[in-house]
Each structure stands twice: as structure tokens, then as C-alpha cells.
Amino acid sequence: MTEADGDTTEAEGGRRIAVLGEMLELGDEAVEAHREVGRMAAENGVDLIVAVGDVLAKQLALAAGAAGVPDIAMVGDNGTAAAYLASILRPGDVVLVKASRGGQLWQIAQALTGQPVTGL
């Protein structure tokens with residue numbers, strides 16, 4: 001998230017949507033790192049976060065909401081995330097999809113762009 005080019009999230013008339021999964025293998029820093037990503041999303045003007053995962057995704061979502069992200073959705077898996085996004089996306093929306101490779105969030109991007117969904 002810290003390396004995303006600001007231009008990639010500029011939505012012309014649309015919403016900034018961040019689909020964020022859990023960052024794996026962070027050890028003792030995991031909870032605070034997820035909270036920091038949630039706060040960063042708010043600082044960068046994200047309109048909607050779709051948090052994908054379990055406990056760590058929940059920490060990210062809670063921090064994002066507390067920091068001012070207006071809309072938060074929690075989902076447990078990639079299929080649910082893709083279905084939810086397909087139902088709410090509007091022309092002009094910009095979607096950032098980011099997580100650890102182990103989260104396989106590329107599956108969400110594949111589903112939204114009509115590509116075959118692949119695993120590892």
C-alpha cells in the first residue's frame with residue numbers, strides 16, 4: 001500500500017475502493033501493521049474498503065473506519081469479495097487489490113475482469 005502511485009487511485013467521478021487482504025508472516029507486528037494500513041487508507045481518501053480475511057482483516061477494517069473511511073465491508077473469502085464488488089461497482093470507480101501473495105487476491109481482479117480465476 002505504501003508503494004502505490006497516487007495516480008492509480010484517482011477516480012474521475014467514481015469512488016476509490018481498496019480491496020485489502022491480510023498480510024501474512026508479520027509475526028508480533030501483524031495487528032499494528034494491519035491497523036496502520038487501515039489508517040493509511042483513510043489518509044489517502046479511500047471511499048470503501050473491502051477487507052478480505054479473518055482477524056487481521058477485521059483489525060484493518062476497524063482502524064480504517066475509526067480513521068474516517070466512510071464505507072467498510074468485511075468478507076471472509078475471495079469469491080464473496082468478487083461477488084460483492086460485481087454488485088456494487090459503478091462506472092468511474094477505481095479498485096486497488098492488495099494483500100500477501102498467500103491471500104491470492106488476484107482471483108478477485110481476475111473475476112472482475114472476466115478472466116479465468118486461477119489458484120497457486
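As the structure is a computational prediction, the values presented were derived from the model and not from experiment. Values below: every heavy atom of this structure, side chains too, minus hydrogens, waters and symmetry copies.
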Exercise for the section: May I ask you to test the Ile88-Ile17 pair for a side-chain heavy-atom distance under 4.5 Å? Expected result: yes

Exercise for the section: Could you state whether Tyr84 and Met74 fall into the same hydrophobic cluster, counting links through intermediate Ile, Leu, Val, Met, Phe, Trp or Tyr residues with side-chain heavy atoms under 4.5 angstrom apart? Expected result: no

Handout entry: For Leu105 against Ala99, the heavy-atom pair lying closest together
Key = CD2-CB, 3.8 Å

Handout entry: Within-4.5 Å side-chain heavy-atom neighbours: Val69 and Leu48
Key = no

Handout entry: Sidechain-backbone polar pair: Glu22 side chain, Ala57 backbone, donor-acceptor under 3.5 Å
Key = yes

Handout entry: Side chain proximity check, Met23 to Leu60, heavy atoms < 4.5 angstrom
Key = no

Problem - Cluster check Leu56, Leu20: I/L/V/M/F/W/Y, side chain < 4.5 angstrom - result: no

Practice task
Of all the heavy-atom pairs spanning Arg35 and Ala63, show the shortest one and how long it is.
Solution key: O-CB, 3.4 Å

Handout entry: Side chain Asn78, main chain Trp106, donor-acceptor under 3.5 Å
Key = no

Problem - Any residue meeting side-chain contact (heavy atoms from CB on, under 4.5 Å) with Ala81, in chain and number order, not counting sequence neighbours - result: Val50, Val52, Val75, Ile108

Practice task
State plainly whether one hydrophobic cluster holds both Val19 and Leu89, where clusters connect Ile, Leu, Val, Met, Phe, Trp and Tyr through side-chain heavy atoms under 4.5 angstrom apart.
Solution key: yes

Practice task
State yes or no: do Val37 and Ile72 share one hydrophobic cluster built from I, L, V, M, F, W and Y residues joined by side-chain heavy-atom distances below 4.5 Å, directly or via other members?
Solution key: yes

Handout entry: Sidechain-backbone polar pair: Asp93 side chain, Gly14 backbone, donor-acceptor under 3.5 Å
Key = no

Practice task
Kindly compute the distance separating CD (Gln110) from CD (Gln104), expressed to the nearest 0.5 Å.
Solution key: 9.5 Å

Exercise for the section: Grab the two heavy atoms, one from Ala33 and one from Leu26, that are nearest each other, plus how far apart they are. Expected result: CB-CD1, 3.7 Å

Practice task
Measure from the side-chain N and O atoms of Asp47 to the backbone N and O of Arg16, and report whether any donor-acceptor pair falls under 3.5 Å.
Solution key: yes

Completion exercise
Looking only at heavy atoms, the pair that brings Ala42 and Gly68 closest together is CB-N, 4.2 Å

